[in-house]
Amino acid sequence: MLQRETAQNSAQEQVLSWHTMPIVSLPGVGCLRPVALRPHLRARFQPRSLPHSLSWRAIATNITTMALRFAQRAQAGVLSGRQQAPAPVVRVPCANPATRRNVSQMAASGALSLSSRVHQAPVVRCSAAAVQADQQQHRTAEGLQAPHGDKLVNLMVAASERQAVIDSCTKTIECSDRNACDVELLCVGGFSPLEGFMNQAEYDSVVLNMRMTNGLLFGLPIVLDTSSEDVQPGDKVLLNYQGTAIAAVTIDSKWTPNKPLECLKCYGTSSLEHPAVQMVAMERGKYYMGGKVQGLELPSRVFPCASPAEVRATLPANADVLAFQCRNPIHRAHYELFTRALDAPNVQEGAVCLVHPTCGPTQDDDIPGVVRYRTYEVLKAEAANPRLRWAYLPYSMHMAGPREAIQHMIIRKNYGCTHFIIGRDMAGCKSTISGEDFYGAYDAQNLAGDMAGELGMQTVPSLNIAYTEEKGYVTADVAKAENLTPLSLSGTKFRQMLRGGGDIPEWFAFKSVVEVLRAAVKEEEEANN
């Protein structure tokens, strides 16, 4: 247990004492809650995200260092006392009057600005310049977001070397759709800094701690599965997908995973009612394998998937880049969300948004990836918005809620994004039996916010948008405050109208998107007849 330290005369020493331990809260950037250092509250701190070697005292020290860093920047004039929202803050709860006086003296000298909105806690607020200064630390020489681990991986071998790599393989494995997505993202650097499938040590570390063995954050394990008894460490395996040799992997680790534990840690449940638990238990093979990968040829897809390097080449230097993740067709409300996000308080002028849908396997009842791709293409042409960039991600969704939010942020960081738009119940799913949600509505948002600072990113929570008769799309709080008349259309009703040929209002869906979806419904019906 942390011991209470004796308060000293200086304000800096007062901040270091236990009863004034600062709460560093960075909305949209990151948040650390030292209140959880108290033994009876430690469970609230997401311990799975911390290395076992990191002591609670070390955590407290890191938090205090962050607080003092903000105070020093305030003294240097980098921080602003303006009451901006959502502004990064450092709150110093003070039960001791002497401490409160010392912090007040710091405020009077310009080091802190006081706010009584939260438990009368003094607050340091960061200006946009301070946030921008932090972001610059995470940029490359070209002015783009630094990749995860500061290394953008490219595992593709030269064309002249492909046949030699193929000839050196001693075993062959046919990849599933999910395997192929993982192979592609490994090869092009979407999973940077990984250079292959995780070995057992890396797998265990990510499952238990949400971190690699070097301490780097990673949301979900990346492994190659098999039921083959023949493949052993030391073998070089050729990976085929739909008749094409896409990669070779040199096996250095093979083990029988504890799948229930993996699911419990990664998905929060080991119940087969969760779609990803079903995937792990019923689709994946008996063994997992790790090893370095050599890319031979990317999978052939109807939807072209630009690599991180290719996407980065389209992004403006020294500008904020927002990522919008989705796995369904984009309707009017979605479009409003990511275009309005460009004007969020923690987004700088001149920002662009990368609309980056996943087109790999998702849930069984989702619209097929090819159909989704067609809807995105017609919308891209219809919108013709110069502040948008469009690309497609060959990623296999796990519906892992909070953990998957971290995985998506890491991937989008590798594609050059500085901000991540995150909505309610991101990557969430329901029980296949009861229909109940596996995650809370804001679980993913909260964990993403907590880890954003460490990732060198910011989060932009999705606005709650409503369409009204009087003013069109407005935020829900405006609709309520002005007593506007909201209009709504359920997903079930929308699907019925698609199949029945009913007129779908253009405030709900883009006409071009509706035409693609109706064509897909017609193709499905003809195929079933």
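Note that the coordinates shown come from a computational prediction; the quantities given were computed from them, not determined experimentally.
- Counting only residues at least two apart or on different chains, no salt bridge (charged side-chain N to carboxylate O under 4.0 Å, His left out) pair has a member in residues 245-254.
- Annotation: Lys236, atom NZ; neighbour count of heavy atoms from other residues, nucleotides and ligands within 6.0 Å is above 12.
- Judged as a side-chain contact (heavy atoms from CB on, under 4.5 Å), and not counting sequence neighbours, the contacts of Ala158 are Ser160, Glu161.
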| task | Output, in order, the C-alpha distance, side-chain angles, deciding distance and verdict of side-chain hydrogen bond (donor to acceptor under 3.5 Å, both in side chains) for Gln458 and Asn346. | result | CA-CA 8 Å; Gln458 297 188 53; Asn346 63 332; 3.0 Å; yes
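- Tested against Val516 for a side-chain contact (heavy atoms from CB on, under 4.5 Å), the candidates Leu379, Val521, Val378 yield a single pass: Val378.
- Tyr467 does not carry Arg332 over the face of its six-membered ring by the limits of under 6.0 Å from the centre and within 45° of the normal.
- Inter-residue side-chain proximity for Gln232 and Ile251 is flagged as unmet; no heavy-atom pair is nearer than 4.5 Å.
- The shortest heavy-atom contact between Cys353 and Leu342 is N-CD2, 3.8 Å.
- In this structure a side-chain-to-backbone donor-acceptor pair under 3.5 Å is present from Asp443 to Gly440.
- With Gln445 contributing its side chain and Ile422 its backbone, the two residues share a donor-acceptor pair below 3.5 Å.
- Shown here are the salt bridge (charged side-chain N to carboxylate O under 4.0 Å, His left out) partners of Arg301, two or more places apart in sequence or in another chain: Glu184.
- Aromatic ring orientation, His331 versus Phe494: perpendicular (interplanar angle above 60°, classes split at 30° and 60°).
- Formation of a donor-acceptor pair under 3.5 Å by the Ser227 side chain with backbone atoms of Lys286 is found in this model.
- No side-chain heavy atom of Ile246 sits less than 4.5 Å from a side-chain heavy atom of Asn240.
- For Glu436, the CD atom counts as loosely surrounded, since its 6.0 Å shell holds 12 or fewer non-hydrogen atoms of other residues, nucleotides or ligands.
- A donor-acceptor pair under 3.5 Å links the side-chain atoms of Ser490 to the main chain of Lys493, judged by distance alone.
- Side-chain atoms of Asn258 come within 3.5 Å of backbone N or O of Leu261 as a donor-acceptor pair.
- Proximity of a side-chain donor or acceptor of Arg312 to a complementary backbone N or O of Asn414 within less than 3.5 Å is detected.
- The salt bridge (charged side-chain N to carboxylate O under 4.0 Å, His left out) contacts involving residues 509-519 comprise nothing, where partners must be two or more places apart or lie in separate chains.
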Under 3.5 Å, which donor-acceptor pairs do the side chains of residues 197-204 form with other protein atoms, sequence neighbours left out?
unit_1: Asn199; atom_1: OD1; unit_2: Ala201; atom_2: N; d: 3.2
unit_1: Asn199; atom_1: OD1; unit_2: Glu202; atom_2: N; d: 2.9
unit_1: Glu202; atom_1: OE1; unit_2: Thr213; atom_2: N; d: 3.0
unit_1: Glu202; atom_1: OE1; unit_2: Thr213; atom_2: OG1; d: 3.4
unit_1: Glu202; atom_1: OE2; unit_2: Thr213; atom_2: OG1; d: 2.8
unit_1: Tyr203; atom_1: OH; unit_2: Glu262; atom_2: OE1; d: 2.9

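- Of the possible donor and acceptor atoms, none in the side chain of Asp167 sits under 3.5 Å from a partner among the backbone N and O of Ala164.
- Between Arg162 and Glu297, no side-chain nitrogen of the basic residue sits less than 4.0 Å from a carboxylate oxygen of the acidic one, so the salt-bridge criterion is not met.
- When atom types are taken as modelled, the side chain of Arg211 and the backbone of Leu208 share no donor-acceptor pair closer than 3.5 angstrom.
- Side-chain contact check for Leu239 versus Val249: some heavy-atom pair is nearer than 4.5 Å.
- Tyr442 pairs by the ring-ring contact (aromatic ring centres under 6.0 Å, His included) definition with nothing, not counting sequence neighbours.
- Ring pair Tyr395/His408: centre-to-centre distance below 6.0 Å.
- Just one residue in the list Tyr373, Phe303, Tyr415 forms a ring pair (Phe, Tyr, Trp, His ring centres under 6.0 Å) with Tyr392, and that residue is Tyr373.
- Below 30°, between 30° and 60°, or above 60°: for Phe338 and Phe324 the angle between ring planes is between 30° and 60°, a tilted geometry.
- Salt bridge status for Lys522 with Glu525: absent, with no side-chain N to carboxylate O gap under 4.0 Å.
- Residues Val153 and Leu155 are in side-chain contact: their nearest non-hydrogen atoms beyond the backbone lie under 4.5 Å apart.
- The 12-atom threshold is exceeded at CG of Asn214, counting heavy atoms of other residues, nucleotides or ligands nearer than 6.0 Å.
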